[in-house]
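Pasting a structure below so you can have a look.
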Protein chains: 2
Amino acid sequence: MAVTIKDVARLAGVSQSSVCRALADPDQVRPETRERVETAARNLGYVPNRAARSLITGRTGNIGVVLPDLANPFFPSVVKSIQTQARRFDYAVFLSDTDEDPAVEVPLIRALAKQVDGFLLCSPRAADDEIKAFAGQTPIVVLNRRITAFPSVTADSADGMRQAVAHLHALGHRRVAYVAGPRTSWSNRDRLRGLRSATTSYQMELIEIGNVAPTVQGGTAAADLVIASPATAVLAYNDLVALGLLNRLQARGIDVPGRISVVGFDDILLAGLVSPGLTTVAIAKEHIGRVGVELLLELMADGERPTASRRVLPTQLIVRGSTGPR
Amino acid sequence: MAVTIKDVARLAGVSQSSVCRALADPDQVRPETRERVETAARNLGYVPNRAARSLITGRTGNIGVVLPDLANPFFPSVVKSIQTQARRFDYAVFLSDTDEDPAVEVPLIRALAKQVDGFLLCSPRAADDEIKAFAGQTPIVVLNRRITAFPSVTADSADGMRQAVAHLHALGHRRVAYVAGPRTSWSNRDRLRGLRSATTSYQMELIEIGNVAPTVQGGTAAADLVIASPATAVLAYNDLVALGLLNRLQARGIDVPGRISVVGFDDILLAGLVSPGLTTVAIAKEHIGRVGVELLLELMADGERPTASRRVLPTQLIVRGSTGPR
DNA sequence: TTGAAAGCGATACCAG
DNA sequence: CTGGTATCGCTTTCAA
């Protein structure tokens with residue numbers, strides 16, 4: 001059987017209460033007591049049982065992370081930064097991948113709710129209302145999406161799209177296509193909104209294609225539609241889609257960027273490794289996780305929404321070989 | 001405050017015990033009682049508190065996954081398959097990334113141990129003995145490594161390397177280099193072992209380079225050493241390293257596969273997307289997670305090591321453009 | 001500064 | 001088949 005606080009108390013010759021205090025708040029006990037407790041605990045290899053603790057404190061020391069698809073390299077980056085920041089504050093991470101299925105999201109949150117102190121929902125796909133049902137019940141911070149009632153961390157897609165469109169316009173492009181991601185994706189809508197406004201102000205024509213899955217497959221499937229369109233440049237929902245496009249365009253013998261320029265979104269690792277390199281809008285992925293955890297900690301501490309509860313991170317166009325003059 | 005079993009009991013007009021039974025084992029109570037309990041629970045939105053339950057049952061319903069680096073696309077694939085299989089048996093997943101630091105691994109396991117029923121250690125970097133210290137204490141299944149005393153799931157690297165070497169030999173290569181991964185990596189030693197035996201039996205010369213980090217950076221750094229060596233082909237510890245090599249070789253104007261052929265290991269998504277495509281040894285990544293969970297469930301159920309406790313999954317050489325005739 | 005004791009919420013045993 | 005009750009390990013009053 002595992003070693004409990006009782007064993008430590010017995011060995012140290014003090015009461016459970018003192019062990020508890022010595023470990024939780026060292027300067028609440030006499031230095032000598034503390035010393036003895038610490039030695040005893042160390043000798044026995046005592047590790048407090050978090051289940052028991054959480055039963056009484058109501059806190060678990062865990063945060064739940066829910067995301068649509070770990071296979072999209074964007075998410076592992078975010079998760080890593082969440083982990084790093086969470087560990088700094090002694091929180092462990094519960095991870096759940098929903099496989100892009102909006103239907104499993106809510107039940108999942110409900111099931112996990114008792115085991116975590118709060119949630120970071122990355123790009124959740126469920127409807128606003130479904131998620132809002134949790135407001136006031138569990139601390140939730142939303143990443144890559146904005147939902148009233150929750151703090152959020154998002155990227156400035158509008159500005160990213162403006163940079164991308166400015167770049168394409170400068171290269172001489174006047175007709176661009178957008179390959180849309182999942183209909184359920186808030187980022188998709190946000191990016192499209194930004195793109196529309198940018199193309200309008202540059203007086204460029206926008207051809208909308210999709211929706212497709214946010215994967216390489218999705219991009220591959222959309223490529224032929226792009227070729228058949230009058231567009232000379234294509235912006236993809238994300239880098240995976242862009243890479244799928246790139247791949248299929250090359251397979252069909254289309255010159256990139258000679259005949260068609262391609263722009264992605266996210267700046268995942270692969271973007272710099274393919275050739276031609278993928279021009280893409282970079283998001284500060286590490287910041288998303290870090291800021292998300294910070295907001296969540298505030299939220300869990302106060303029970304109040306943090307003061308600056310909508311953080312919008314800057315985006316940055318990274319120009320590589322997949323875009324060129326018309 | 002959250003709704004507890006007491007509230008349900010009161011509303012249903014039965015005892016706590018009956019509520020418990022009705023929910024846990026429906027045909028242990030009278031249909032009518034069951035009915036009333038279920039309605040009451042539903043109306044109140046009752047969700048059992050897992051902390052309380054685990055306190056008494058000793059089970060948590062969680063499994064812990066520890067891995068070195070989520071940024072290596074190999075691991076997300078494994079995690080996804082773990083999730084899928086775990087969910088099927090109503091287990092939730094605790095994820096921890098050690099950032100390739102062997103020193104944090106053991107403390108991490110110790111810290112998590114109380115919150116999970118068992119661990120899946122993916123490519124753990126700590127020394128055998130450190131991990132063995134947990135034998136008999138916590139159910140552990142090791143993935144991508146073999147440690148006596150634990151069930152394991154590994155890939156047949158020896159066979160993979162044999163396939164790769166046979167391929168290179170057939171293309172006319174006689175001198176090959178190996179860019180080694182982390183010294184702490186069992187897979188690295190395993191792959192090297194397989195490679196040595198393969199090159200020996202084909203009477204080829206093997207030049208060992210490294211160790212490098214198992215990342216694109218690691219490969220980039222090793223590329224110049226490869227160029228300076230007499231090797232006409234290079235096998236990398238994994239695909240990320242291979243992609244780093246590919247990138248740097250191209251940057252230095254080296255023809256791939258004309259002057260140097262490159263072979264990776266793992267077959268991550270990127271491998272098929274770069275050009276030339278990366279020839280690589282594929283592992284059944286989805287199987288690793290699934291089989292790992294299966295072994296762990298057996299282990300947790302019996303407390304015994306599963307009968308067939310060392311599963312070795314087949315490997316398969318995928319030939320793409322990065323290898324060619326000498 | 002310390003110890004005793006009352007719970008936290010669920011389960012499992014033992015009577016009835 | 002059902003109800004009462006001890007119990008899991010820890011935290012947190014309340015007295016001393």
Side-chain angles (χ1 to χ4, degrees), chain A residues 1-38 40-41 44-62 90 110-117 137, chain B residues 1-38 40-41 44-62 90 92 110-117 137-138:
Chain A
M1 208 43 214
V3 22
T4 78
I5 201 172
K6 266 187 180 157
D7 304 316
V8 180
R10 198 175 315 123
L11 181 60
V14 298
S15 71
Q16 287 183 44
S17 332
S18 298
V19 174
C20 185
R21 279 187 287 252
L23 265 29
D25 189 357
D27 19 53
Q28 205 181 138
V29 300
R30 212 171 27 170
E32 190 204 315
T33 316
R34 197 186 79 190
E35 191 67 34
R36 288 171 54 190
V37 170
E38 280 174 352
L44 295 172
Y46 170 70
V47 182
N49 181 325
R50 300 187 84 155
R53 171 182 296 167
S54 91
L55 195 53
I56 183 144
T57 60
R59 290 188 54 257
T60 62
N62 302 326
D90 258 317
R110 215 187 305 278
L112 244 47
K114 287 281 179 23
Q115 313 189 63
V116 304
D117 296 335
Q137 304 214 38
Chain B
M1 208 42 217
V3 20
T4 76
I5 201 171
K6 265 186 182 159
D7 305 316
V8 180
R10 197 175 316 121
L11 181 60
V14 297
S15 72
Q16 287 184 43
S17 328
S18 298
V19 175
C20 187
R21 279 186 288 252
L23 264 32
D25 189 358
D27 20 53
Q28 205 179 137
V29 299
R30 210 171 30 172
E32 189 204 314
T33 315
R34 198 187 80 190
E35 191 65 36
R36 289 170 55 190
V37 170
E38 280 173 352
L44 295 171
Y46 170 70
V47 182
N49 182 324
R50 300 187 83 154
R53 170 183 297 168
S54 90
L55 196 52
I56 185 140
T57 60
R59 290 190 53 260
T60 62
N62 302 327
D90 258 317
R110 218 188 303 278
L112 244 48
K114 288 281 179 25
Q115 312 189 63
V116 304
D117 296 334
Q137 305 214 39
T138 323

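Chain identifiers are assigned alphabetically (A, B, ...) following the order of the sequence lines, protein sequences preceding nucleic acid strands; residue numbering begins at 1 within each chain.
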For this session: Measure from CD on A:E35 to P on C:dT2 and round the result to the nearest Å.
Result: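 After rounding, the reported distance stands at 13 Å.
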Enumerate the protein-to-nucleotides 3-6 of chain D contacts in which both atoms are nitrogen or oxygen and the separation is below 3.5 Å.
from	atom 1	to	atom 2	distance (Å)
D:dG3	OP2	B:S15	N	3.1
D:dG3	OP2	B:S15	OG	3.2
D:dG3	OP2	B:S18	OG	2.6
D:dG3	N7	B:R21	NH2	2.9
D:dG3	O6	B:R21	NH1	3.1
D:dG4	N7	B:S17	OG	3.0
D:dG4	O6	B:S17	OG	2.8

Problem set entry | B:N49 CG - C:dT11 C1' separation (whole Å) |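 Between C1' of C:dT11 and CG of B:N49: 13 Å.
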Problem set entry | Atom-to-atom span, CZ of A:R59 to P of D:dT12 - whole angstrom |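 Atom-to-atom, A:R59 to D:dT12, this comes out as 10 Å.
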Exercise. Over how many whole Å does the gap from A:R10 atom CZ to C:dA4 atom C1' extend?
Worked result: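 In whole Å, C:dA4 C1' lies 17 Å from A:R10 CZ.
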Problem set entry | Distance, rounded to the nearest Å, where A:D25 contributes CG and D:dT12 contributes P |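 Result: 11 Å.
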For this session: Can you pull out how bent the helix from C:dT1-D:dA16 to C:dG16-D:dC1 is, comparing the axes over its first five and last five pairs, to 10°?
Result: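 Here the local axes at opposite ends form an angle of 40°.
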For this session: Please tell me which of the listed nucleotides, C:dA10, D:dG9, D:dC10, lies nearest to the side chain of B:R53?
Result: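 Side chain of B:R53 sits closest to C:dA10.
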Contacts table for residues 6-14 of chain A: side-chain donor-acceptor under 3.5 angstrom, sequence neighbours left out:
from	atom 1	to	atom 2	distance (Å)
A:D7	OD2	A:T4	N	2.8

For this session: Starting at atom NZ of A:K6, determine the distance to atom C1' of C:dA5, rounded to an integer number of angstrom.
Result: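 Between C1' of C:dA5 and NZ of A:K6: 12 Å.
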For this session: Would you mind telling me which residue lines up with the more 5' stretch of DNA chain C, A:V29 or B:C20, judged by nearest nucleotide?
Result: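 Going by which nucleotide is closer to the 5' end, it is A:V29.
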Exercise. With respect to the phosphate group of D:dT2, does any side-chain polar atom (N or O) of B:R30 fall under 4.0 Å of OP1 or OP2?
Worked result: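 Answer yes for this pair, as a side-chain N or O of B:R30 is under 4.0 Å from OP1 or OP2.
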Could you tabulate the donor-acceptor pairs under 3.5 Å formed by side-chain atoms of residues 16-32 of chain A, not counting sequence neighbours?
from	atom 1	to	atom 2	distance (Å)
A:S18	OG	A:S15	OG	3.3
A:D25	OD2	A:Q28	NE2	3.1

For this session: Map B:Q28 and B:A52 onto DNA chain D by nearest heavy atom, then report which one ends up closer to the 5' terminus.
Result: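 Looking at DNA chain D, the more 5' nearest nucleotide goes with B:Q28.
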For this session: Identify, with sequence neighbours excluded, every residue that meets side-chain contact (heavy atoms from CB on, under 4.5 Å) alongside A:A111.
Result: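 In terms of side-chain contact (heavy atoms from CB on, under 4.5 Å), with neighbours along the sequence ignored, A:A111 is linked to no residue.
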Exercise. Separation of A:I5 atom CD1 from C:dA4 atom C1', in whole Å?
Worked result: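 Computing the A:I5:CD1 to C:dA4:C1' distance gives 14 Å.
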Exercise. Atom CG of A:L55 to atom C1' of D:dT12: distance rounded to whole Å?
Worked result: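 Going from A:L55 (CG) to D:dT12 (C1'), I get 13 Å.
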For residues 46-57 of chain B, please give each side-chain donor-acceptor pair under 3.5 Å, one per line with the distance, not counting sequence neighbours.
from	atom 1	to	atom 2	distance (Å)
B:N49	OD1	B:A51	N	2.8
B:N49	OD1	B:A52	N	3.2
B:S54	OG	B:A51	O	3.3
B:T57	OG1	B:R53	O	3.0
B:T57	OG1	B:R59	N	3.1
B:T57	OG1	B:R59	O	3.4

Exercise. side-chain hydrogen bond (donor to acceptor under 3.5 Å, both in side chains) with B:Q115: which residues, sequence neighbours excluded?
Worked result: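 For B:Q115 the side-chain hydrogen bond (donor to acceptor under 3.5 Å, both in side chains) partners, ignoring immediate neighbours, are A:N62.
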